[in-house]
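This report concerns only the one structure given below.
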Protein chains: 2
Amino acid sequence: MLTERQARILEFVISEYVENASPVASQYIGEKYPVGASSATIRNEMAELEEQGYLNQPHTSSGRVPTDRGYRFFVETLMHEEDLSWDAQQTIRHQFHQVEHGQADWTQLAAAVLAQAVHNVALVTEPRTDACRIKHLQLVSLHDYSALLVLVLDESRLKQHMLTLDEICTQDQLSATANRLNQQFAGFSAAQLVASDPQIAPTELLVMDAVIEIMSSIDAGSFDDAHLEGLRNVLSQPEFSDSEHVLGLLELLSESNISRSIPLRSLAGGGVTVIIGADNPALPQANEAMRACSVVVASYGSTGDASGALAVVGPTRMHYSHTISTVRYLASVMSELLAEHYE
Amino acid sequence: MLTERQARILEFVISEYVENASPVASQYIGEKYPVGASSATIRNEMAELEEQGYLNQPHTSSGRVPTDRGYRFFVETLMHEEDLSWDAQQTIRHQFHQVEHGQADWTQLAAAVLAQAVHNVALVTEPRTDACRIKHLQLVSLHDYSALLVLVLDESRLKQHMLTLDEICTQDQLSATANRLNQQFAGFSAAQLVASDPQIAPTELLVMDAVIEIMSSIDAGSFDDAHLEGLRNVLSQPEFSDSEHVLGLLELLSESNISRSIPLRSLAGGGVTVIIGADNPALPQANEAMRACSVVVASYGSTGDASGALAVVGPTRMHYSHTISTVRYLASVMSELLAEHYE
DNA sequence: TTTAGCAGTCTCCACGGGAGAGTGCTAAAC
DNA sequence: GTTTAGCACTCTCCCGTGGAGACTGCTAAA
């Protein structure tokens with residue numbers, strides 16, 4: 001158990017280390033923060049904090065550095081979680097203004113806004129339901145025997161697919177086909193499509209096969225299609241000053257590996273979740289670079305309905321309070337937006 | 001002017017340096033390559049090559065390193081440009097097989113294939129015409145007062161936009177509207193839309209305003225929407241072992257800066273263009289990191305019709321012959337594909 | 001329990017010397 | 001005239017050394 005004073009010192013050390021990224025000395029703490037004790041006393045307390053696993057010394061006779069456990073304690077009990085400043089809120093709202101003007105791929109924008117606000121890597125997934133449903137489909141003639149299938153799913157997700165037809169079709173014929181299929185199948189999920197055994201023409205069957213394939217692959221593939229922004233922010237941090245680490249992180253965050261390193265999908269809970277360094281449950285499979293990183297995740301949307309996730313990835317030495325409140329605020333803004341635009 | 005032997009030595013030095021990334025010694029060349037002269041002679045020739053600006057010494061008494069001029073001479077006169085090996089061609093064709101199965105966003109795929117083939121960064125832009133034309137438009141009801149506008153342009157480019165309507169519309173009404181507009185405006189360019197002064201209802205006007213805006217912004221914005229792949233390849237090269245360079249390159253290639261650093265659009269010419277290091281005309285505005293990079297660019301598609309660009313970016317020390325033939329081959333494959341699928 | 005003081009330890013940096021790599025030059029050989 | 005062997009010279013790289021500086025841990029006094 002930590003005494004009041006030890007907790008305060010831990011807080012000061014973390015605050016200082018987050019700022020400067022170099023080990024924190026007892027004397028420095030004594031001078032800069034109102035501990036009300038000499039450096040020798042602080043030294044004793046720090047030794048105690050180290051014994052309990054909250055701090056660490058890179059080498060004998062250097063200052064202290066917070067451990068994962070230290071950060072965790074800070075986040076769970078020390079940190080006073082404040083609402084995002086009104087200024088910051090305005091900045092975010094302002095940047096989202098473009099959405100009002102019809103920008104449809106707003107998850108990308110959200111990732112960029114988040115990355116800029118927290119100066120780290122941001123991930124935002126598209127909103128999705130358990131099983132996506134057809135909102136609308138359209139066929140556009142490209143060539144004698146080929147057509148473009150445009151599929152609008154719930155949450156305005158757009159998918160395109162090229163079809164090779166078995167007979168020549170005019171645009172009018174294709175439109176008519178699309179209309180028939182819309183009448184029949186609007187609102188269906190992939191499972192419902194498979195279950196239904198409709199009487200339809202061969203061409204229509206060809207279209208619906210493609211539709212089912214697309215929708216099934218979306219339902220199966222999870223959050224792999226997260227937008228990523230702000231790589232530069234995190235690569236310029238001192239912990240990645242050596243290029244070996246940079247490559248590790250880059251691999252970690254490369255499109256194909258994200259879902260393996262960061263368990264976005266397992267975080268259905270309402271609030272903001274913080275994963276600190278080696279606590280990451282995905283670590284065994286993940287890259288070693290993950291050990292030096294923390295992740296702040298939240299979901300947006302409503303759990304029953306469509307929902308997605310947003311996350312911030314950065315070094316364990318991150319400004320947790322600010323990051324958490326930003327993520328929370330952005331999640332609420334995005335939930336609003338989702339409700340407003342898609343009901 | 002270079003003698004026969006000097007040219008051969010230059011070729012050997014470049015070949016060696018491309019392979020090993022460390023200064024090349026005269027003795028080493030003599031042992032490994034069939035120069036037919038002693039190291040002392042080679043040394044004399046190298047001194048001459050240095051005097052003429054083809055080679056450089058990092059410091060007195062170290063081996064030689066090719067200069068930009070050396071690379072340029074190599075690319076322009078020394079290099080025997082071979083066709084891509086049949087194996088490599090097959091690999092590329094095989095990877096493109098997915099396109100046959102309907103994958104519509106194949107420029108992304110092309111970038112990935114190219115990046116992997118040349119072990120560097122690859123950029124591929126979407127194909128585009130001078131002025132894009134409407135192929136098809138569709139309205140999908142989202143909410144009482146909001147609808148999604150889905151716009152299919154030539155080359156199957158898909159754009160979406162959210163509309164706020166001034167009256168409640170059912171999906172049937174929206175479909176009818178879309179049909180009317182398709183009848184009237186299919187094949188129109190933005191300029192033609194503006195010029196035409198049709199008699200249409202307020203709701204339709206609202207739609208067409210959005211269409212015009214989207215199309216104009218596409219016509220104005222150039223190749224900014226290039227797909228980028230293979231960052232890791234180039235960041236793991238020894239020239240970027242120190243993280244300062246990494247950041248420079250990252251900034252260079254970040255979405256917003258690409259068009260400034262690499263003049264893709266100015267390369268309308270049919271063949272493959274090679275920009276070596278400081279030769280880059282965009283250098284003054286571009287990042288300093290560009291000085292250490294070469295770019296191999298080609299266009300695909302037909303010049304009058306739709307066309308796009310593909311490029312490889314890597315350190316000046318790159319395998320030019322392989323890169324050039326790969327870019328050329330991929331450009332031809334993509335041109336074929338474009339012709340085949342969209343006529 | 002706190003604190004002043006001090007010895008001890010570890011990093012960091014600058015300096016220096018030796019090994020090694022590779023060149024330039026010179027003088028002899030072809 | 002061209003080529004080559006030989007050698008001195010230069011520069012990097014690595015390693016060990018040693019002093020300055022930063023902090024700590026410990027001890028003994030307040």
Side-chain angles (χ1 to χ4, degrees), chain A residues 1-10 12-17 19-67 70 238-239 241-242, chain B residues 1-10 12-17 19-67 70 238-239 241-242:
Chain A
M1 224 44 266
L2 295 186
T3 65
E4 167 76 19
R5 188 169 64 189
Q6 284 166 352
R8 289 186 65 201
I9 289 175
L10 177 57
F12 295 150
V13 170
I14 288 178
S15 154
E16 195 56 36
Y17 185 69
E19 192 87 10
N20 294 68
S22 64
V24 184
S26 57
Q27 193 177 357
Y28 190 82
I29 290 286
E31 280 165 9
K32 187 161 170 188
Y33 293 92
V35 182
S38 73
S39 69
T41 307
I42 297 174
R43 215 147 45 230
N44 288 334
E45 298 288 43
M46 280 169 127
E48 176 65 20
L49 282 165
E50 182 171 8
E51 197 142 317
Q52 294 195 38
Y54 295 99
L55 292 179
N56 194 16
Q57 274 185 315
H59 55 88
T60 10
S61 85
S62 82
R64 293 325 202 283
V65 162
T67 61
E239 23 271 279
S241 67
D242 115 48
Chain B
M1 221 46 265
L2 294 186
T3 66
E4 167 76 19
R5 188 168 63 187
Q6 284 166 354
R8 288 186 65 200
I9 290 175
L10 176 58
F12 294 149
V13 170
I14 288 178
S15 154
E16 195 56 38
Y17 186 69
E19 191 87 9
N20 296 94
S22 63
V24 183
S26 57
Q27 192 177 358
Y28 190 81
I29 290 286
E31 282 166 7
K32 187 160 168 186
Y33 294 90
V35 182
S38 74
S39 70
T41 307
I42 297 174
R43 216 149 43 231
N44 288 334
E45 299 286 42
M46 279 168 127
E48 177 63 20
L49 282 165
E50 182 171 9
E51 198 142 316
Q52 293 197 39
Y54 295 98
L55 292 179
N56 194 16
Q57 274 185 314
H59 55 88
T60 11
S61 84
S62 82
R64 293 325 203 280
V65 162
T67 60
E239 23 271 278
S241 66
D242 114 49

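Basis for what follows: all heavy atoms, side chains included, without hydrogens, waters or symmetry-related copies. Throughout, a chain's letter reflects where its sequence line sits, starting with A, and its residues are numbered from 1.
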Send over the distance from [X] [atom1] to [N] [atom2], rounded to a whole Å.
X       : N      : atom1 : atom2 : value
B/Ile42 : C/dG22 : CD1   : P     : 13 Å
B/Arg64 : C/dG22 : CZ    : P     : 12 Å
B/Glu48 : D/dT3  : CD    : C1'   : 16 Å
B/Met46 : D/dT3  : CE    : P     : 16 Å
B/Asn44 : D/dT2  : CG    : C1'   : 10 Å
B/Arg43 : C/dG24 : CZ    : P     : 8 Å
B/Glu45 : C/dG22 : CD    : P     : 19 Å
A/Glu51 : D/dT24 : CD    : P     : 16 Å

Mind checking who D/dA30 pairs with, Watson-Crick or G-U wobble, both distances under 3.5 Å?
C/dT1
Between [options], which one does the side chain of [X] approach most closely?
X       : options                : value
B/Glu50 : C/dA4, D/dT4, C/dG24   : C/dG24
B/His59 : D/dT12, C/dG24, D/dT24 : D/dT12
B/Ala37 : C/dT23, D/dT4, D/dT24  : D/dT4
B/Ala40 : D/dT4, D/dT24, C/dA4   : D/dT4

Given side chains that start at C-beta, do those of [X] and [Y] come closer than 4.5 Å, heavy atoms only?
X       : Y       : value
B/Val65 : B/Gln57 : no
B/Tyr28 : B/Pro23 : no
B/Arg8  : B/Val35 : no

Just call it for A/Ser39: base, sugar-phosphate, or nothing, with non-hydrogen atoms closer than 4.0 Å on any strand.
nothing
The criterion is side chain to side chain donor-acceptor pair (under 3.5 Å); which residues satisfy it with B/Glu50, sequence neighbours excluded?
B/Arg64
What about B/Ser61: does its side chain form a donor-acceptor pair under 3.5 Å with the base of D/dT10?
yes
Any chance the side chains of B/Gln6 and B/Tyr54 put a donor and an acceptor closer than 3.5 Å?
no
